[in-house]
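Here's the structure, in structure tokens; my notes come after.
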Amino acid sequence: METRVRLVPWSDGDFWLLERKNEPVMTAHLGGPEPAGKLADRQQRYEAMSAREPAAGRMFRVVWEAPDGSEGSDGSDASVGSVGFWQRDWQGRPVYEAGWGVLPEFQGRGLAVAALTELLSYVRAHGSRDSVHAFPGTDHPASNAVCRRAGFECLGEVDFEYPPGVSHPSFDWRYRVDTARHGTVTPSG
């Protein structure tokens, strides 16, 4: 059965989701929770991304379209996480970087792969760069599996800095937009 999600551009009403994603269990592989001021700044950046041209990057709230037609597992708020992409230079080349997070109570259902696959479809339609990279830590098997299942290629281990000033071993995963622009991404199971 296919896991379906809908991506909704980040808005001022999504701060609650940012707060949930800032919980220790959600930030264990990202350097830990951010202080309130940094979280407010992040909310403003995410909202501003929704106002820019689509090729500059976007953050989205991920809404689960449950198989029974209801949204969410219990018919309540169907927001299950976030996914986004932004511009960066990597190894001297202009690329996109992608990031995502699915709330703990919704993990293990294929929602991150579905969200990343939808994001890649958006990038193929609106993007201007030839690849999307993701940099999950080498100690984060779930995020590395999401990359693999969404059609990314592992380029090897790199020292990646996140949060700024904190370097840690990560895998560099690349999705080639230029070779897939006219095709579709089918997540592997």
key: V80 vs L103 side-chain heavy atoms within contact, under 4.5 Å   = no

task = Please name the pair of heavy atoms, one in H126 and one in P54, separated by the smallest distance, quoted to 0.1 Å.
result = CB-CB, 3.7 Å

message = As a quick check of understanding, evaluate side-chain contact (heavy atoms from CB on, under 4.5 Å) for S170 and H168, giving each step before the final call.
response = CA-CA 6 Å; S170 299; H168 65 280; 3.3 Å; yes

query = Nearest heavy-atom pair of V146 and V113: which atoms, and what distance?
reply = CA-CG2, 4.0 Å

inquiry  = Tell me whether R93 at atom CZ has more than 12 heavy atoms from other residues, nucleotides or ligands lying less than 6.0 Å away.
reply    = no

R58 side chain near F85 side chain, heavy-atom distance below 4.5 Å = yes

task = Taking the side chain as every heavy atom from C-beta outward, state whether S143 and F135 have any pair of such atoms under 4.5 Å apart.
result = no

ask   = Between W16 and S79, is a side-chain contact (heavy atoms from CB on, under 4.5 Å) present by the stated rule, with each step listed?
value = CA-CA 10 Å; W16 71 270; S79 298; 3.6 Å; yes

message = Keeping E97 on the side-chain end and Q87 on the backbone end, is there a donor-acceptor pair under 3.5 Å?
response = no

inquiry  = So which atom in P94 and which in D89 form the shortest heavy-atom distance, rounded to 0.1 Å?
reply    = CA-OD1, 3.4 Å

query = L120 and A150: which non-hydrogen atoms are nearest, and at how many Å?
reply = CD1-O, 3.7 Å

message = Counting C-beta onward and ignoring hydrogens, is there a side-chain heavy-atom pair between W90 and D172 closer than 4.5 Å?
response = yes

inquiry  = Testing the 3.5 Å rule here: is there a donor-acceptor pair between the side chains of Y46 and R61?
reply    = no

request  = Answer yes or no: is there a side-chain heavy-atom contact under 4.5 Å between W173 and L155?
outcome  = no

note = Here the pair of heavy atoms bringing S82 nearest to W10 is CB-CZ3, 3.6 Å

task = Evaluate the side-chain proximity of V123 to Y175: yes if any heavy-atom separation is below 4.5 Å, no if none is.
result = no

inquiry  = Is it the case that atom CZ in R88 sees more than 12 heavy atoms from other parts of the structure closer than 6.0 Å?
reply    = yes

message = Go through it in stages, so that I can follow the logic: the residues are L119 and W100, the test is side-chain contact (heavy atoms from CB on, under 4.5 Å), and I'd like the CA-CA distance, side-chain angles, deciding distance and then a yes or no.
response = CA-CA 10 Å; L119 182 77; W100 60 89; over 6 Å; no

query = Hey, does H140 have a side-chain heavy atom less than 4.5 Å from the side chain of T138?
reply = no

request  = Could you pull out the closest heavy-atom pair between Y96 and A55, with the gap in Å?
outcome  = OH-O, 2.5 Å

message = One thing to verify: whether E153 and R176 come together as a salt bridge, which I'm taking to mean a side-chain N less than 4.0 angstrom from a carboxylate O.
response = no

request  = State yes or no: are the ring centers of F60 and Y122 separated by less than 6.0 Å?
outcome  = yes

ask   = Under 4.5 Å between any side-chain heavy atoms of W86 and M49, yes or no?
value = yes

message = Please evaluate residues R42 and L18 with respect to the criterion side-chain contact (heavy atoms from CB on, under 4.5 Å), reporting the C-alpha separation (whole Å), side-chain torsions for both, the decisive distance (0.1 Å), and the verdict.
response = CA-CA 8 Å; R42 181 177 296 280; L18 199 55; 3.6 Å; yes

ask   = Out of curiosity, D14 CG to E19 CD, how far, rounded to the nearest 0.5 Å?
value = 11.5 Å

